Every structure is written in structure tokens, then in C-alpha cells.
Amino acid sequence: MIKITFPDKNVREYPQGTTAHEIAKSISEGLARNVYAAKVNGEVWDSSRPIQADATLQLLTWEDKEGKSTMWHSSAHLMAEALEIFYPGVKFGIGPPVENGFYYDIDLGGQTISSDDFKKIEDKMLELAKQGNAYTRKEISKKDAIDFFTQKGDEYKLDLIKDLEDGSITLYEQGNFVDLCRGPHIPNTSLIKAVKLTNIAGAYWRGDEKNKQLTRVYGITFPKKSQLDEYVLMLEEAKKRDHRKIGKEMEIFTFDDDVGPGLPLWLPNGAVLIEQLEKLAKDNERKAGYQRVRTPHIAKESMYLTSGHLPYYEDSMFPPMIFDGEKYYLKAMNCPHHHKIFKELNPSYKDLPVRLAEYGTCYRYEQSGELFGLMRVRALQMNDAHIYCTKEQFADEFRAVNEMYLKYFKIFNIEKYVMRFSTHAPEKLGKKYVDEPELWLETEDMVRKVLIESNIPYVEVPDEGAFYGPKIDVQVWSAIGREFTLATNQVDFAVPGRFGLTYRNAQNQLETPICIHRAPLGTHERFIGFLIEHFAGNFPIWLAPNQVSILPISEKFNDYAKKVLQSLINSDIRGLVDVRDEKIGKKIRDAEIKKVPYMLIIGEKESIESKVSVRKHGQGDLGSFTLPEFAKIIEDEINNALNVK
RNA sequence: GCCGAUGUAGCUCAGUUGGCCAGAGCUACUGAUUUGUAAUCAGUGGGUCGGGGGUUCGAAUCCCUCCAUCGGCUCCA
């Protein structure tokens, strides 16, 4: 007998060689039917694999992340089986599960596949699924594996086998399809009840652009048809929140062919968003001891040679303009300009830390295929600042920057975030990273310590640091599931030295400061793109481009409406009057659609009583108020939103 | 940059076996209406069918090419 420990610490005894499936069956038939795989001693196994010794066991179903992955991985095999029927001779690359479904990379030879073919493939997959074929695992020698795929003529599988060790190679077979695969898989195909192929794209073999490009077919499957319907509905909802769609509807930004790709035009509403963000940032930075500076958009080649950016990042910068016999570059980052300002300030240790802030405008030559709405652009404005400090001051400064991040997260109600702590790889010192082994370790320790002390969730990613030091990237997820780097906080112990930046210490000796590059609000472009999706366009009142729409019942009350507007403007409230000759229902509907936070309805009653009827977006009628009362409502709401603890 | 798809009015979209002056709704404008919490009625205007080239008696529709956008890949200081 062996002892099986369940996640709730319960221990039960089973005969040696029992399987997870049998264990599930001993609990309930229903559970057994829904078990996709099992986590045995932390490793995911087929539920049919015999367990030979004492173990911890977690049964995996659709409810578990690994259960879903197993389901989708098996679905990729099922799709491959269907593809092999329609496209004889098709060769297979890899077919893993992903966050939402799975894909398979295929080489169709001369054949083509398009989304028009999805239906017949989906139907075939369902037909095969109904057969309920078991996924069977086979251990195979390296030689046999090579023979098998040589005969099949699948060079991609052979390429994969090449890197595998003899004795660790397994095949999985279901129906008429055999695949090189580590597994695990669901027991049989009948668990797949709903199928949707979602997308088709090119992908390089092994992710290397020097290799051949394969066709990647994406799909997703579910154990119930109703779940697929829900998923499709969710995709449609996500589309409605897309910042490109809302950005257009709410007249926030636009792109124009004549201006150029990746170069956003901010419409008046977008400019208000920018102004409010800058106000927030500048206010916080002022209170935190930052000084504002302003620098030109271009600089000479020599500065980027000094900074060390040019040799590494020239491809990402716009080509230089040449005049007066000199090369000038559009700036892709603000740091070198700020370093020059630090140098001019020539501070002593008593002046440190020096914190230089600028909403700097940068230009980056992103590859054309990378451009993506506001999230990836070629012209951007960064919530940038550089903090120059001594080694002793570093931890406090770094902590203060992180605290500023956390404050912003509260203001914007950002709950899901992770800090990616990027460190160096010792073997790449002198190549990818500046050759300062001790400084690297020392700084990384300091950063780690601050993160741990501040209780900030983080993941450490080796070998992703900047060339001048370790960094923290803040990953966030927009409401529709897009993940991206919003903000960055980087340590730089190298470039100040290259610029010859120094300060006098207490012993009257010259020392080089450490520099912290930080941008808690990232760039206006990405941040606003994120905020649009985050709030689905329903901005908090302090950000909303138009805070109040004043809606006269009829033309007779336009004059009073205009007086109300002027009074709001005098109280620093943004609003407009809807003077169109429309019925009040229509004006309300339009204001609701435009997501205006407050509507003031004004008719005979209000004009006589010198009041306004207040309607809140998404909530409805709040009743009648005097103007000072209404202004107070807005003022309180703004204070509540901005003064977080 | 690579693979694939898409591009018709300010917006959302019809319109392919190639064939009358290219359509609809919303928006805008004009008129009527003077309205009480999510769409009043009528009329009018508006399009180099992404750009260029080609095939054809004839092209939004077929071909070539360029540009842009979208979905991925690669990249992301």
C-alpha cells in the first residue's frame, strides 16, 4: 500500500500502482469523469499513470490552471489530427497550450489555409472528439523516434528530438495521430465538447527570424458548449473596451496617414487627459523634492556616443539629420540631457539627492509591425525623472519611488500588477552589461531588500537588466487582459561615470553619483491607452475631459444654461451646454453614451429656483441642487479620488 | 522587418458570375416642433470606393505595386 496525501492534508492508502483516475473514482464517479490530469509530487501526470510510491496528489480539472492547459494541449493534438486529414503531408512544429487556448505551428508545404477553412476543421475536430479516442503514452528510444519521424518526413520534430536525451522521449497517440510529446494529456478526446479556431498567423520556427516561417493556427476548446458561447461574448465585450475604439468614439486621439504611423494626434479631449495627468505628476514630484527641467528634442551624435546609447540602440532611433557638418539625433531617451544638467549644477554632497524631472518628448523608431494603437508608438512623452544620489541615499530614494508607484496604483484603482525585477547575467559582464561585478551584486541586493521590506509583489528575471544596471518594470493588465510594461524604475551606476558626473563628498573628494531612472506613469501614450481600457472610457471625474453636460429642456432655457456653465468654469469645472434643438431624452442619451460623469437638466423649474437637476452617469437622477452644492459634490469627489492614504 | 487578413461618406457598415448617375443608418446642415431624465418629424448636403499602374468596350469588383490598419512572429533603452 502507498500513502496518498491530498491538498487538504488528508491521507488515504491505496494499492501500489494505482492511478489518479482510480483514486478519483474512489471518491466519486462524477469527479473521475472530470479529471484531466493529476499533480503528483508537484509534477503534472496523465491520470492513467500508475503511482508507485507515497505521494502528494492534486486532481486537476477544468477549474485548475494546469487542468485547462492539459485540455488545450490535448486539443492541439486533436487539431493536428484534423489538419492531417485535410492537408496530407503537413509537417508539425510545436503545439503548446497558451493563456487562452492553444496553437500549432505547421508547415503546409505548398498548400494554403485561411480562416474560411476553420469551420470544416472545427467540425472534423468535433467529429473526432466524439469518437472518444484515448490519448496513449509510449516511451520510445531516441533511435526509434528518429526513424519514425524520418519516415514521416517531419524535419521539425527531428530538430526537436536532436536536443532530447535518449530514454526521456515519449510519443502520444490518439486516433490516427501520433506526436512527439512530453505530455501529459486528458484521458480521451470525448472531454472536448466545443471547439473554436480563433486566428491564423505566421511564426518563425523556434522563434528565430532567421528560420523558416511556419503557419500558426490558434484555437480554444471547452468542456461545455455554453462556455464557448460565454467566451465569444467576452471577446465581444473586450472589443468594446478597446482603447482604439473608445479613443475614436470619445475623440481622444487619432492617427493620420499624412502625419505618419505611430505618431498620434491628441484631440482636445485627449489633451485634457494629458493636462490632468501632468498636473498629478508635477504636484506629487514637487512635494517629493523634484525639480523640473526642460530639454531640447534633439542632440548631437557625440552625446549619444558618450552615453553609450548609440552603438547599442541606433536601430531604435530615427536616422540622424545632418547640418553644419554635424549629425543630430531625435532623442529616444531623456537621461543624457539630464546628465548634462546635473553636470552644470555641479552639486556637492550637501545638495544630493538631485532629482530632475521632465515630461520629455521622445521619438523611437519602432518596427512598423510593432505599432499598436497608443500602446506602441513612435512619438511619446515620458513621466521621466532622474535621481542622482550617493550610495548611502540609494535605498531611501528607491523606496520613495516605489511608494509613489503604489500611491498612483491606488489613485487609478490598479489592483493587478507585478514588478519584474531584472538582474544581470554574470557571464555577460563586459558584453551586454557594464563590467562592474561587485556593483551589480551590491545594487541588486539593495533593490531586492527594498522590495521585500516594502512588501511589494515581484518576480526576479535574470539577464534582463539594462546595460547600466538592474531595473524594475511594472507589468499591468488592462481590463481586457492585455499585459504590458507600464512603468519602469532603473538603477544606473555606469552612465554617470561616462559623463564624468561627480560631486564633492565631505572629505572634499570627487565621487560619482548613482542615478535612478524612473517613470511611474510611463508614457502619456501607453498610460492613457491603458486608462481608457481600464475605465472603459468612464474616467474618474478629475480626469474626465468633459465633466458636466448641461442639458436645457428647450431653447428657452439656453441662456440660463450658459450662465450655469460660466459659473462652473469659474469653479474650475469643465463642461458644455447641449444647445441642439433635441428633446431632453435624446440629449441625456447622447451624454450617457459619451460617458459624461454628470448631466445638469435645466428647465423652467430650475431657472425659477436658481437650481440644477443633477443626473449622474450610469446612475440616474440625484435630485435638485443649488450651484454651490453641486460644485461641492464635484470637489469632494475629486478630493476623494486624489487624496489616497 | 516577416507571415496572413483588411481598407467604400466624419462614424458604423451594405454593395464580387465586372455593367443604369455607388447605397443605408448615425453625424452635420435647414425647416417644423418648444419638449422634464437613454433616440420628435421632414428635407438637404456629403464619397479621388487607401494611392499609383495595368487588363477590359466597361473596374469598388480582376491583376501588379506602394501605403496604412488589424492579428500574430521577431523586437522593445
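Just the heavy atoms: all of them, side chains too, but no hydrogens, waters or symmetry mates, feed the values below. These figures come from a predicted structure and were not determined experimentally. So you know, we letter chains A, B, ... as the sequences are listed, proteins then strands, and number each from 1.
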Of the listed nucleotides [options], the one nearest the side chain of [X]:
X      : options                : answer
A/K586 : B/rA38, B/rU35, B/rU27 : B/rU27
A/I553 : B/rG36, B/rA77, B/rC75 : B/rG36
A/E370 : B/rU37, B/rG1, B/rA32  : B/rG1
A/K471 : B/rG72, B/rA77, B/rU74 : B/rA77
A/Q213 : B/rU35, B/rC2, B/rU37  : B/rC2
A/D581 : B/rU35, B/rG4, B/rU37  : B/rU35

On the side chain of [X], is there an atom forming a donor-acceptor pair with the base of [N] - under 3.5 Å, no angle test?
X      : N      : answer
A/E606 : B/rG36 : yes
A/Y204 : B/rG1  : yes
A/E555 : B/rU35 : no
A/R376 : B/rC75 : yes

For A/Y328, check ring pair (Phe, Tyr, Trp, His ring centres under 6.0 Å) against everything at least two apart and list the hits.
A/F323
Contact class for [X] vs. all strands (heavy atom < 4.0 Å): base, sugar-phosphate, or nothing?
X      : answer
A/D621 : base
A/E582 : base
A/L551 : nothing
A/Y103 : nothing
A/G373 : sugar-phosphate
A/E249 : nothing
A/Y218 : sugar-phosphate
A/R615 : base
A/S613 : base
A/A332 : base
A/F467 : nothing
A/I601 : base
A/K587 : nothing

Please give the distance between the [atom1] atoms of [N] and [M] as a whole number of Å.
N      : M      : atom1 : value
B/rC70 : B/rC11 : P     : 15 Å
B/rG15 : B/rU69 : P     : 26 Å
B/rA9  : B/rC3  : P     : 29 Å

Check: A/Y388 ring centroid to A/H338 ring centroid under 6.0 Å
no
Is the CD atom of A/E604 crowded by more than 12 outside heavy atoms at less than 6.0 Å?
no
Hey, does the side chain of [X] come within less than 4.0 Å of [N]'s phosphate (OP1/OP2), counting only N and O?
X      : N      : value
A/K583 : B/rU34 : no
A/S316 : B/rA77 : no
A/R244 : B/rC70 : yes

Let me confirm one number: the CG-OG1 distance from A/D463 to A/T423, rounded to the nearest 0.5 Å.
8.0 Å
To the nearest 0.5 angstrom, please state how far the SG atom of A/C335 sits from the NE2 atom of A/H517.
5.0 Å
Can you see whether A/Y231 has A/K196 sitting over its ring - NZ or CZ less than 6.0 Å from the centre and within 45° of the normal?
no
Partner nucleotide of [N] by Watson-Crick or wobble geometry (both distances under 3.5 Å):
N      : value
B/rG18 : none
B/rC11 : B/rG25
B/rA42 : B/rU30
B/rC73 : B/rG1
B/rA68 : B/rU6
B/rU37 : none
B/rA60 : none

When you match A/G603 and A/L371 each to their closest nucleotide on RNA chain B, which lands nearer the 5' end?
A/G603
Between A/K556 and A/D315, which residue's closest nucleotide on RNA chain B lies nearer the 5′ terminus?
A/K556
Aromatic plane relationship, A/F372 with A/H243 - under 30° parallel, 30 to 60° tilted, over 60° perpendicular
perpendicular
Salt bridge check, A/R615 against A/E592: does any charged N sit closer than 4.0 Å to a carboxylate O?
yes
